[in-house]
Asker: 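Once you've had a glance at the structure underneath, I'll fire off some questions.
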Amino acid sequence: MADADSKSLSLVSFLLFILVTATAVTGDSLNSDSQVLLGFKSHLESLNPTERGKYNEWETEKQDVCQWPGITCNPEGSRVTGINLRDSTISGPLFGNFSALTQLTFLDLSSNTIEGSIPDDLSRCLNLKHLNLSHNIIGGELSLSGLLNLEVLDLSVNRITGNVHSSFPLLCNSLVVANISTNNFSGRIDDIFTECMYLKYVDFRYNRFSGEIWGGFRRLVKFSVSGNRLSGKITATMFRGNCSLQVLDLSANGFFGEFPGQVSNCRNLNILDLWGNNFRGNIPGEIGSISSLRGLYFGKNEFSRDIPETLLNLRNLVFLDLSRNNFGGELQEIFGRFTRVEYLVLHGNSYVGGIYSSNILTLPNLSRLDLSYNNFSGRLPAEVSRSLMFLVLAYNNFSGDIPSEYGNLQGLQALDLSFNSLTGSIPASLGKLTSLLWLMLANNSLSGEIPPEIGNCTSLLWFNVANNQLSGGFHPELTKMGSNPFPTFEVNRRNMDNTISASGECLVMRRWIPAEFPPFKFVYATFTNKSCRTLWNHVLKGKCIFTVCTAGSVVGPLDISGYLQLSGNKLSGEVPANISQMKKLSMIHLGFNEFEGKLPVEIGLLLPLAFLNLTRNKFSGQIPREIGNLRSLQNLDLSYNNFSGNFPTSLNELSEMSKFNISYNPLVTGVIPSTGQLATFEIDSFLGNPLMQFPSFFNKSGNNNSSLVERGNRREEEEEEDDDDGAAIDMLAFYWSTVSFYVVALIGILVLIYFDYPWCRAWLSAL
Ligand SMILES: *[C@@H]1O[C@H](CO)[C@@H](O)[C@H](O)[C@H]1NC(C)=O
Ligand SMILES: *[C@@H]1O[C@H](CO)[C@@H](O)[C@H](O)[C@H]1NC(C)=O
Ligand SMILES: *[C@@H]1O[C@H](CO)[C@@H](O)[C@H](O)[C@H]1NC(C)=O
Ligand SMILES: *[C@@H]1O[C@H](CO)[C@@H](O)[C@H](O)[C@H]1NC(C)=O
Ligand SMILES: *[C@@H]1O[C@H](CO)[C@@H](O)[C@H](O)[C@H]1NC(C)=O
Ligand SMILES: *[C@@H]1O[C@H](CO)[C@@H](O)[C@H](O)[C@H]1NC(C)=O
Ligand SMILES: *[C@@H]1O[C@H](CO)[C@@H](O)[C@H](O)[C@H]1NC(C)=O
Ligand SMILES: *[C@@H]1O[C@H](CO)[C@@H](O)[C@H](O)[C@H]1NC(C)=O
Ligand SMILES: *[C@@H]1O[C@H](CO)[C@@H](O)[C@H](O)[C@H]1NC(C)=O
Ligand SMILES: *[C@@H]1O[C@H](CO)[C@@H](O)[C@H](O)[C@H]1NC(C)=O
Ligand SMILES: *[C@@H]1O[C@H](CO)[C@@H](O)[C@H](O)[C@H]1NC(C)=O
Ligand SMILES: *[C@@H]1O[C@H](CO)[C@@H](O)[C@H](O)[C@H]1NC(C)=O
């Protein structure tokens, strides 16, 4: 209260000051501008009483408005012309009085959480040239028809709906950049840009636009309409005359027919993305004359299998995607002659036969090769290009051994040979691959032991050999695996080209990052085909993905994390105690093997662990109490083993745990607490453990299941009293641990949000 009073007092004295100094008190002065800004400030403060952006320093005492943070003035210093409060923790509806700043030309309120619709007032900012409201949660319909001088419009990543016809073409006078990608716009866009004479960059991706395309796009530099519902043909006339396009992105729409060779009029074209349409017929040979081309994305169409020889002339071609065109037959020989291509994506084409004839694997500059989802057969070629970083041959019918020569591919970061018919053992030479991040050999018929040399793969965070015939023990040397992936991430941060990444679907990505993988759980909902390109690059750079990025999301492992997937083999012996070294794992799957002996208590040191699945082995002895220290644990499966001794009540402290299974360990004894986390699980989690005692609520609450009542609760009455005391103490302990956990977690989230929020949020919403 007092604060507000003193503020209005100072406002009054400020007004007096203005009067005394006798400057013109029209609506058009620096002083009136500062009043509007102070009005803006109190609007912001009222909406967000706790967190303040840099506008917090706007004060009447600091008389020079032009020095206020985020404010710019005209050269004379006589009027406010710009406001930049990007990323300033602004929430609530947009301020409704910007039009009172009659000289305002620049307004950037991007990367905040502004909501509601855009007020009519904004459309009265007649001098506005640059408007950036991207990365907010603005909804409603668009109406900016009054902004006749606008040059740059960026409304990307919001929730705006309806069509754009009330603003286009009225906005067109001076418009150069129009970015409204990732909203919920709909309607037609075939006639809206005709009068936009200066327009250069159009980004209308990821909306719900329908109908045909605007035929004048060749005038632009960049035209991206990916991920809409556009359809119709792309005609030769659309390319007639001068074409200034550098990027043409028509991907993920419903365009059909032949694609015209006249595209070669676009002499400066860099990226031609036709992925995910219904184009058919020949790939036009004229494309081979566009020497600036770097990326051709033709996947998921119905192009004919004759690839024109002229494409070999493209001296700058780096990325070639011809996946999912139903080519069939043997691999076209021409692919073995794209000597400059670095990324070659040919998955899902039903190719048969071997891949020797084509030379495709020895292309000198090849960095990523994806031949998955075909029907290649025969042995894997031993001789492959030394430049390979990603070799993806999954879902074929390759047989025979994994060539030990693959150990010489020094730069290899991902090797995916899963879902083939490979036999023999895993070559020890793979231990030389110190850049390897991901090794995926699941669902083959590999035998022998996992060579201890694999432990030398210091970057190997993601290791999956599930469903093979592997035998032998878990060698202690293996625990060195993935101990330091950062040099590889560092290389990728330095060298990886962000403009050229994955294309099309996320099939590889989905094998790499399974849906339940904890750090990704909260992005999986938004894990669409479009987002995977971004995500791919982030994974390879070891960025953000592993931190808590959105308020309210689960508290997951805060550091980078990987997995160890060994299930469905014949591995035996004990799990070594030094598994405690594998501190970067959030998921361990050892199920369906023959592991035996005690589970080392050191398992309790793997703090980021969220999944621990030991089902169907022969583990025996005490279940380590230390598992209760794994506070991130969400999923614990100890079922079908031979554990014995007292059941550790420490597990009751695992407040994140949502799946739990200890059934069929007939020797386990002890009492399951009747309150706390363990009490949240159904009877299925405890079946087949006749010596365990269950809390009485299983009987009372009606969700009881006869088998439990029969098997489990025999002795309950006898120990009822003891149980109650124990339960009270348990409950208190549990209460305190929960409270302190949430306090720590809350602080963690706040800290993260404070430091990471803009970056992560920007990234997440760009997905
Ligand atoms: C806009 O600001 C001007 C100057 O401070 C003020 O006179 C006017 O009442 C405001 N209008 C609204 C709708 O708040
Ligand atoms: C708008 O703001 C976003 C996020 O702050 C930024 O990434 C983008 O480049 C800006 N757009 C323009 C056209 O300057
Ligand atoms: C449009 O905005 C999106 C998201 O902010 C950004 O990724 C994209 O590069 C922008 N497009 C152009 C043409 O500036
Ligand atoms: C987009 O708008 C349609 C109606 O036009 C609505 O049904 C849908 O829920 C909206 N989608 C989102 C993500 O807001
Ligand atoms: C095409 O470009 C050339 C050279 O820049 C120019 O002379 C010519 O007028 C342009 N033609 C059209 C139809 O714009
Ligand atoms: C491979 O790429 C390098 C540079 O990235 C280039 O100098 C070399 O000429 C390329 N090789 C071929 C055969 O194009
Ligand atoms: C591979 O061949 C088998 C048998 O001919 C067929 O059923 C399957 O669909 C083919 N798979 C692909 C990806 O072409
Ligand atoms: C896989 O290859 C084997 C020979 O190696 C062959 O017998 C089998 O039919 C092939 N399977 C398919 C689906 O093509
Ligand atoms: C993977 O292997 C397992 C076990 O051998 C088998 O049950 C499963 O069907 C295989 N999955 C596929 C997709 O082949
Ligand atoms: C790789 O691992 C093996 C066995 O674990 C070890 O003997 C060898 O010295 C290691 N090689 C290097 C280069 O570290
Ligand atoms: C990705 O694309 C494939 C093929 O078009 C489709 O089957 C799949 O549902 C898509 N996935 C998502 C998450 O959009
Ligand atoms: C443990 O893994 C097996 C497959 O290996 C799976 O069937 C089971 O559901 C998993 N347990 C839990 C609790 O998720």
Side-chain angles (χ1 to χ4, degrees), residues 86-87 108-112 115 117 130-142 151-164 175-187 199-210 217 220-229 245-249 270-271 273 407-408 410 426-434 436 449-460 472-481 483-484 498-499 501 525-526 528 530-531 533-534 537 576 578 581 758-759 761-767:
R86 179 183 286 201
D87 191 14
D108 185 343
L109 302 176
S110 63
S111 298
N112 287 293
E115 62 188 29
S117 49
H130 183 116
L131 177 61
N132 192 345
L133 299 176
S134 72
H135 297 269
N136 279 289
I137 48 174
I138 297 170
E141 299 210 2
L142 184 67
E151 292 167 9
V152 175
L153 175 65
D154 191 345
L155 301 176
S156 59
V157 196
N158 277 289
R159 300 171 182 175
I160 311 175
T161 59
N163 67 47
V164 292
L175 203 62
V176 178
V177 178
N179 191 345
I180 62 170
S181 69
T182 319
N183 277 283
N184 195 12
F185 287 111
S186 55
L199 199 58
K200 290 271 176 288
Y201 302 91
V202 167
D203 191 341
F204 274 36
R205 291 177 299 164
Y206 312 124
N207 282 288
R208 300 186 303 128
F209 291 117
S210 55
F217 58 79
L220 308 182
V221 172
K222 185 169 179 177
F223 187 66
S224 303
V225 291
S226 175
N228 283 286
R229 299 165 183 185
L245 282 172
Q246 289 173 15
V247 174
L248 178 59
D249 181 0
N270 253 288
I271 306 281
D273 194 343
N408 300 327
Q410 275 186 6
I426 300 173
S429 63
L430 296 188
K432 291 191 278 181
L433 298 173
T434 51
L436 197 62
E449 66 169 4
I450 301 174
E453 283 81 1
I454 298 291
N456 295 349
C457 297
T458 46
S459 291
L460 188 54
F474 188 138
H475 202 283
E477 287 291 305
L478 288 174
T479 60
K480 293 189 298 177
M481 170 196 313
S483 53
N484 185 13
N498 278 326
T499 60
S501 52
T526 60
T528 58
K530 73 169 165 148
S531 64
R533 306 184 200 182
T534 332
N537 279 348
N578 67 350
Q581 286 191 47
W759 194 89
R761 214 256 319 261
W763 170 65
L764 270 179
S765 43
L767 287 181

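Atoms within each ligand, like the ligands themselves, are counted from 1 in listed order.
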Asker: At less than 4.0 angstrom from any non-hydrogen atom of Asn179, what atoms of ligand 3 do you find?
Answerer: 1 (C), 2 (O), 3 (C), 8 (C), 10 (C), 11 (N), 12 (C), 14 (O)
Asker: Check if Ser134 has a non-hydrogen atom at a distance under 4.0 Å from any atom of ligand 3.
Answerer: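 Per 4.0 Å heavy-atom rule, Ser134 does not contact ligand 3.
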Asker: Which distance, rounded to the nearest 0.5 Å, do you find between the CG of Leu131 and the CG of Asp154?
Answerer: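 Between atom CG of Leu131 and atom CG of Asp154 there are 8.5 Å.
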Asker: Looking at atom 2 (O) of ligand 10, is any protein heavy atom nearer than 4.0 Å to it?
Answerer: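 Looking at atom 2 (O) of ligand 10, one finds that a protein heavy atom does lie closer than 4.0 Å.
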Asker: How long is the span from the CD atom in Glu453 to the CD1 atom in Ile426, to the nearest 0.5 Å?
Answerer: 11.5 Å
Asker: Are the side chains of Leu153 and Leu175 in touch, meaning some heavy atoms are under 4.5 Å apart?
Answerer: yes
Asker: Taking 4.0 Å as the limit for heavy-atom contacts, which would you say applies to Arg205 with ligand 3: side chain only, backbone only, both, or neither?
Answerer: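 Side chain only; the backbone of Arg205 stays clear of ligand 3.
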Asker: Counting heavy atoms not belonging to Arg159, are there more than 12 under 6.0 Å from its CZ?
Answerer: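 12 or below, so no.
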Asker: Evaluate Asp154 for polar contact with ligand 3, using N/O atom pairs at a separation under 3.5 Å.
Answerer: no
Asker: Rounded to the nearest 0.5 Å, what's the gap from CD on Gln581 to NZ on Lys480? Could you check?
Answerer: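 It is 8.5 Å, given to the nearest 0.5 Å.
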Asker: Quick one: does Lys222 get an N or O within less than 3.5 Å of an N or O on ligand 3?
Answerer: no
Asker: Pull out every atom of ligand 10 sitting under 4.0 Å from any heavy atom of Glu477, numbered as shown with elements.
Answerer: 5 (O)
Asker: Between atom NZ of Lys432 and atom CG of Asn456, what is the distance when rounded to the nearest 0.5 Å?
Answerer: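 Lys432 atom NZ to Asn456 atom CG measures 11.0 Å (nearest 0.5 Å).
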Asker: Heavy atoms only: which of Asp203, Asp249, Leu220 lies closest to atom 8 (C) of ligand 3?
Answerer: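 Among Asp203, Asp249, Leu220, the closest heavy atom to atom 8 (C) of ligand 3 belongs to Asp203.
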Asker: Suppose we measure from atom 6 (C) of ligand 10 to each protein heavy atom; which comes out shortest, and what is that distance?
Answerer: Asn456 ND2, 4.4 Å
Asker: Output the list of atoms in ligand 4 that are nearer than 4.0 Å to some heavy atom of Asn184, sorted by atom number.
Answerer: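 Numbered from 1, ligand 4 contributes 1 (C), 2 (O), 3 (C), 8 (C), 10 (C), 11 (N), 12 (C), 14 (O).
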Asker: In Å and rounded to the nearest 0.5 Å, what is the CG to CD1 distance from Leu430 to Ile450?
Answerer: 12.0 Å
Asker: For ligand 3, which atoms have a heavy atom of Ser181 less than 4.0 angstrom away?
Answerer: 1 (C), 2 (O), 3 (C)
Asker: Atom CG of Leu142 and atom CG of Asn183: how far apart are they, to the nearest 0.5 Å?
Answerer: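 So the CG of Leu142 and the CG of Asn183 are separated by 9.0 Å.
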Asker: Looking only at distance, does Ser156 have an N or O less than 3.5 Å from an N or O of ligand 3?
Answerer: yes
Asker: Can you find a heavy atom in the side chain of Ser156 that is under 4.5 Å from one in the side chain of Asp203?
Answerer: no
Asker: Around atom 4 (C) of ligand 4, find the nearest protein heavy atom and jot down its residue, atom name and distance.
Answerer: Arg208 NH2, 3.5 Å
Asker: Is ligand 4 under 4.0 Å from a heavy atom in the side chain of Arg159, in the backbone, in both, or in neither?
Answerer: neither
